[in-house]
Amino acid sequence: MRIVNTVDEVRNQVRRWREQGLTVGLVPTMGYLHEGHASLIAASHRENDRTVVSDFVNPMQFGPSEDLESYPRDIEHDAAVVEKNGGDMIFHPTPEEMYHKGFSSFVDMTVLTEELCGLSRPGHFRGVCTVVSKLFNIVKPDRAYFGKKDAQQLAVIRHMVDDLNMDIEIKGCPIVREADGLAKSSRNTYLSTEERKAATVLWRAVNKGTELIRGGEKDCGVIIREMSAVIDAEPLARADYIKIVDCATMQQIETLDRDALCALAVYIGKTRLIDNFFTEDI
Ligand code: AMP
């Protein structure tokens, strides 16, 4: 398993793999890898001859008052996770390697980014689309792996690949959770002991939503109100949003009459956590 820091090193290695007729999977991450990332790496390892994991805290997808500086980093730990799960190379560039002086080209998206995290985090998906496009151009993978934990991101990437005719298969992988239901996230490390306990409220709200839908509820307003009540009952929690959107357009819907995504973002103290479920998975 190699760790490389430059675009040229990635390209040279991938070129050698291609000459041998090998297939390549890409797993884009911001590092500080946990079992959620590990599941993506393992999936890529199963489905491709070689797997590249990018490990880059992308400044472009953080807002001015967000946690870019404090975002946790540990490349040695990441190397062990990648190795253990069958990854072959980590691409760990500096911000300067990715965004050279004078960088001024961007990939952006309209409709799908108007709601949910796109609304709460202006410019976030422009940063995501730009960096993922760059990674696709650098690695030129056959397949790329994304978690359903970031459901809007997965939808946006699928849409971008379709819109821009990128010849890459996008694979969505299930959310990996802690034993008590909290979705694994690098940001969980920000939580104090008390906050960590409170953070299970996202999972409790998800369960409330899925229970109602299993019981036949189709009114999105009712589902959202009941889920909000779960969040509001937790003193350390404050909902940023709880919404139900059309899977294809990421626009809000009022009635569950098609495949939908129910997504929530909740502040636990100062830490913003996300969770979701797709109605097709219930
Ligand atoms: P991040 O490092 O947080 O940018 O995440 C990198 C990739 O891992 C994204 O595609 C995420 O959706 C995915 N991911 C993060 N957490 C989880 C999780 N708990 N389960 C599944 N995938 C995850």
Side-chain angles (χ1 to χ4, degrees), residues 25-47 51-63 66-68 70-75 77-79 81-82 85 87 90-93 95 98 116-118 121 124-125 127-136 139 141 143-161 168-191 196 199-200 202-203 206 250 261 263-266 271-278 281:
L26 169 67
V27 181
T29 82
M30 297 206 300
Y32 213 73
L33 304 182
H34 50 64
E35 285 89 340
H37 301 110
S39 74
L40 271 52
I41 300 166
S44 173
H45 179 55
R46 281 195 301 276
E47 296 170 6
T51 291
V52 178
V53 178
S54 61
D55 187 316
F56 178 58
V57 182
N58 174 34
M60 201 190 283
Q61 70 191 68
F62 286 76
E66 293 182 357
D67 56 344
L68 173 62
S70 57
Y71 197 84
R73 294 159 166 93
D74 187 345
I75 188 66
H77 160 82
D78 292 352
V81 174
V82 172
N85 289 280
I90 297 183
F91 176 41
H92 182 51
M98 289 299 272
L116 311 176
C117 288
R121 305 181 68 187
H124 172 67
F125 285 113
V128 169
C129 287
T130 302
V131 80
V132 170
S133 298
K134 285 172 66 70
L135 291 168
F136 285 177
V139 179
R143 300 179 190 84
Y145 295 77
F146 294 86
K148 287 187 178 180
K149 156 135 186 298
D150 299 272
Q152 188 177 21
Q153 170 174 280
L154 175 60
V156 163
I157 299 295
R158 282 192 196 285
H159 204 80
M160 175 183 83
V161 162
I168 295 170
E169 189 182 347
I170 303 301
K171 297 280 198 163
C173 301
I175 301 179
V176 177
R177 298 179 180 279
E178 301 286 355
D180 62 6
L182 176 65
K184 300 228 180 213
S185 166
S186 309
R187 290 192 167 98
N188 292 349
T189 53
Y190 296 150
L191 303 169
R196 173 64 188 77
T200 57
L202 282 91
W203 176 233
V206 162
M250 296 282 121
L261 165 72
L264 61 157
V266 177
T271 305
R272 185 176 174 280
L273 300 177
I274 57 172
D275 206 334
N276 69 73
F277 61 90
F278 287 89
D281 291 338

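These numbers come from the heavy atoms of this one structure, side chains and all, not from hydrogens, waters or symmetry mates. Both ligands and their constituent atoms are indexed starting at 1 by order of listing.
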By side chain to side chain donor-acceptor pair (under 3.5 Å) - contacts of R73 (at least two apart): none
Who pairs with H34 by ring-ring contact (aromatic ring centres under 6.0 Å, His included), at least two apart in sequence or on another chain? H37
Residues that T200 engages under side chain to side chain donor-acceptor pair (under 3.5 Å), provided they are two or more places apart: R204
D55 and Y32: side-chain hydrogen bond (donor to acceptor under 3.5 Å, both in side chains), yes or no, with the steps? CA-CA 8 Å; D55 187 316; Y32 213 73; over 6 Å; no
Quick one about Y145 and E47 (side-chain donor to acceptor, distance below 3.5 Å, no hydrogens or angles considered), yes or no? yes
Proximal protein residues to ligand 1, non-hydrogen atoms under 4.0 angstrom: P28, T29, M30, H34, G36, H37, L40, Y71, F146, G147, K149, D150, Q153, P174, I175, V176, K184
Side chains of I90 and V82: does their closest heavy-atom pair fall under 4.5 Å? yes
